[in-house]
Protein chains: 2
Amino acid sequence: MKHKTLLDIARLAGVSPSTVSRALRNHPDINKNTIKKIKQIAARNNFSPNPIAQGLKTNTTSTIGVIVPEITHDFFATAISGIEEVIYKSGYTLLLCQSNESSERESLNIDLLLNHRVAGIIASISESTLNGTHFKKVLKRKTPLVFFDRVCTDIAADKVIIDDEKGAFDAVSFLLAKGYKRIAHLKGPDNLSNCSQRYKGYVKAIGKIGIKPEKSLIISGGMNEIDGYNSMAKILKMKKRPDAIFAVNDPVAIGAFQKIREEGLAIPRDIAIVGFSNNIITSLITPGITTIAQPSFEMGKTAASVLIERIRKGNKGENKIIVLDTQLIIRDSA
Amino acid sequence: MKHKTLLDIARLAGVSPSTVSRALRNHPDINKNTIKKIKQIAARNNFSPNPIAQGLKTNTTSTIGVIVPEITHDFFATAISGIEEVIYKSGYTLLLCQSNESSERESLNIDLLLNHRVAGIIASISESTLNGTHFKKVLKRKTPLVFFDRVCTDIAADKVIIDDEKGAFDAVSFLLAKGYKRIAHLKGPDNLSNCSQRYKGYVKAIGKIGIKPEKSLIISGGMNEIDGYNSMAKILKMKKRPDAIFAVNDPVAIGAFQKIREEGLAIPRDIAIVGFSNNIITSLITPGITTIAQPSFEMGKTAASVLIERIRKGNKGENKIIVLDTQLIIRDSA
DNA sequence: CACGTCTCCGCAAACGTTTGCAAAGATCTT
DNA sequence: AAGATCTTTGCAAACGTTTGCGGAGACGTG
């Protein structure tokens, strides 16, 4: 069965294609009755205009491109879910790309999306993205762009983030209040803005009580479980172990958790741990991991809303930075 | 900056647009040297043909539509990741839809994808999809279609599944071998083929040692944690409790797990539990949950490969049913 | 030399929309 | 009654490709 075209509807209604085109979009030039008649006929034939032809004519589509490092991360999966919800309601569709934490792949994804004439792009940058040169292409094409969570600081675009520094500060302050003295930090890559912010929060919190951060207690690594596992292994080999761990995110905390358990140590008795993100899993393991709740679904939703607003306004206006709230979730790991 | 067009390249090369079009696709009618020259010029101007114009002309796109019940499910997230991997490598892009377990939404998603002239569709049906009438539209449009995991039995399409009956049989047999006598089953919706298959496997396993399944030990519910939690609550109220639980999937197992823990019971001492899918989480909680490993990433990859093969062959040929292997993963919950 | 056969390329139509412009008829103004 | 203005519609070009067909020139053949 073939799709009906504007011309088919025009013939059925006894008018010209241009009238149908205008009628379906409630153009004020068209008579109210004509509009009603045409809409009826269109509905009866369940016609909807070919988005490809529309795209060709208008040089834009109703598709929104999304680039995330990895779909399988709990945080990104639920953020995408939030994005999908508002995009869907607004009549857009979602073109999904995965950078696999590779900057080159990210750049190719951008080319792909621009080539597809997406109406806008929502992105969270990869671990290996050191600067935003490839995002400049997006700006050049005047394609609306919004970052969420992992943002590019050198690119002028809307940004939806959380107060990572404050979250980290809260987490570490909590540990300090509990009486822990030597707190290690499993740090993420420096080029990721949120990681360096979390690091700042860590430094600030321990600085507040007059301690200087010990170099040896700061272990840099990636954002995955395996990274937490490896960093923890290093820590456990130290002669003077820390009594608590602040992990840059939950997967890293989980990795550390596993290593600690493997060594037969008890949490929090031998070593305490707090994470960041409030992935579901932190509530299911024993002991539950104290963490910072990050509104992932909400972040996806607002990123999408902000983007759509920008699209509707013709990509005009100041760049917004929206900061969402975090919350300390206390469980038994500290 | 505007996108370059075929015409721009044609002018630069001093040939007609048709020649450029053919040259870029290595049409045999075009002289080898001309091809080389045109390709050079195209590359230098980093031109790539406008997919929208191509789509209009050829009435198909290089986009593949994916419909899943929920992106946030571990299983679907990793399956999507697998899909993305092969789609990307093959030069296609991924249009993602979420049915939110709603059959109507699923139907709308199908309309959307067909309207967008996707090259093919990969789907896993929703919990509330009782029959495949809305998938008939896909067949009518002759759009290639492949189901994975949750398939529509009444629709002629390629299918990528696992042997759910065997998986369930293995899981329950394992419990029986361990000496458990009264095994309850937290069952999924009957309309989901894989759920009814798992149920069959359960019945078969306990039938094999001469026991008849007790009606009261079979609790129907959904596929989420909350369903497992609620079903478990019912079970714990029974006067004569089962000594083991076989859950239709891991989220349900986790829900049951939480309820059991809340009641202060011990796993597996008071009650044993086995799940299905091998979500990461089952390995992280204590005790680890015995489950059936389901190759989610692999399923996504093969679904995509099968679809692309079908697209390339012009949607011809027999419908394939590909059954992937499962594996019993023994942990401490039984 | 006349003809057929290849090789290579361009013309122009087509895909299904959108939109500037013109124009026909209706209504108003003086 | 004759313009002027407003309302409503249609014409035709355009968006950037693809593709059937035709044709110009090169080459071979008898």
Side-chain angles (χ1 to χ4, degrees), chain A residues 1-39 41-42 45-63 91 114-119 141-142 314, chain B residues 1-39 41-42 45-63 91 114-119 141-142 314:
Chain A
M1 203 172 63
K2 296 269 293 172
H3 287 270
K4 292 249 185 279
T5 84
L6 205 54
L7 191 64
D8 294 329
I9 305 303
R11 273 199 273 264
L12 287 172
V15 297
S16 77
S18 30
T19 303
V20 178
S21 171
R22 287 192 255 253
L24 292 177
R25 282 170 304 140
N26 297 313
H27 193 291
D29 272 4
I30 307 294
N31 185 290
K32 297 263 180 285
N33 295 320
T34 324
I35 291 187
K36 205 194 288 175
K37 187 183 70 179
I38 290 179
K39 282 196 174 174
I41 296 181
N45 290 274
N46 58 10
F47 166 81
S48 65
N50 183 337
I52 301 185
Q54 287 185 129
L56 180 60
K57 188 62 199 168
T58 62
N59 200 31
T60 182
T61 60
S62 59
T63 301
L114 290 177
N115 198 31
H116 270 262
R117 273 68 170 177
V118 291
R141 295 271 190 229
K142 306 215 179 302
Chain B
M1 204 173 59
K2 295 270 292 172
H3 286 269
K4 291 252 186 279
T5 84
L6 204 55
L7 191 63
D8 294 330
I9 306 302
R11 274 199 272 262
L12 288 172
V15 296
S16 77
S18 29
T19 302
V20 178
S21 172
R22 287 192 254 253
L24 293 176
R25 284 170 303 138
N26 297 313
H27 192 291
D29 271 5
I30 308 295
N31 184 290
K32 297 261 178 287
N33 295 320
T34 325
I35 292 187
K36 205 193 288 176
K37 187 181 70 181
I38 291 179
K39 283 195 172 174
I41 297 180
N45 290 274
N46 56 11
F47 165 81
S48 64
N50 183 337
I52 302 185
Q54 287 185 130
L56 181 59
K57 190 61 199 168
T58 61
N59 200 31
T60 182
T61 61
S62 59
T63 301
L114 291 177
N115 198 31
H116 270 263
R117 273 69 170 178
V118 292
R141 295 269 191 232
K142 306 214 179 302

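Chain letters run A, B, ... following the sequence lines, proteins first, then strands; residues in each count from 1.
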Does [X] reach the main-chain N or O of [Y] with its side chain, forming a donor-acceptor pair under 3.5 Å?
X	Y	value
A/Thr58	A/Gln54	yes
B/Thr63	B/Val118	no
A/Asn31	A/Asn33	yes

Whole-Å gap separating [atom2] ([N]) and [atom1] ([X]):
X	N	atom1	atom2	value
A/Leu6	C/dA14	CG	C1'	16 Å
B/His116	C/dG16	NE2	C1'	15 Å
A/Ile52	D/dC15	CD1	P	19 Å
A/Asn59	D/dC15	CG	P	10 Å
B/Leu56	C/dC15	CG	P	9 Å
B/Asn50	D/dG16	CG	C1'	6 Å
A/Lys2	C/dC15	NZ	P	8 Å
A/Lys57	D/dT17	NZ	C1'	14 Å

Are any non-hydrogen side-chain atoms of [X] and [Y] less than 4.5 angstrom apart?
X	Y	value
B/Pro51	A/Asn115	yes
B/Asn26	B/Lys39	yes
B/Asp8	B/Asn45	no

(message) Side chain of A/Val15 only, heavy atoms from C-beta on: which candidate in C/dT18, D/dG10, D/dT18 is closest?
(response) D/dG10

(message) Checking contacts here: which listed nucleotide (D/dT18, C/dT17, D/dT17) is nearest the side-chain heavy atoms of A/Thr5?
(response) C/dT17

(message) Testing the 3.5 Å rule here: is there a donor-acceptor pair between the side chains of A/Lys4 and A/Asn50?
(response) no

(message) For the residue pair A/Ser21 / A/Ser18, report whether a side-chain donor-acceptor contact shorter than 3.5 Å exists.
(response) no

(message) So for the helix from C/dC1-D/dG30 to C/dT30-D/dA1, with five pairs setting each end axis, what is the inter-axis angle to 10°?
(response) 60°

(request) Identify, residue by residue, the members of residues 17-34 of chain B with a heavy atom below 4.0 Å from DNA chain D, and return them in order of residue number, or none. (result) B/Ser18, B/Ser21, B/Arg22, B/Arg25

(message) Rounded to the nearest 0.5 Å, what separates atom CG in B/Leu114 from atom CZ in B/Arg141?
(response) 6.5 Å

(message) On DNA chain C, compare the nucleotides closest to B/Thr58 and B/Ser16; which residue's is nearer the 5' end?
(response) B/Ser16

(message) Would you say B/Gln54 places a side-chain N or O within less than 4.0 Å of OP1 or OP2 belonging to D/dT18?
(response) yes

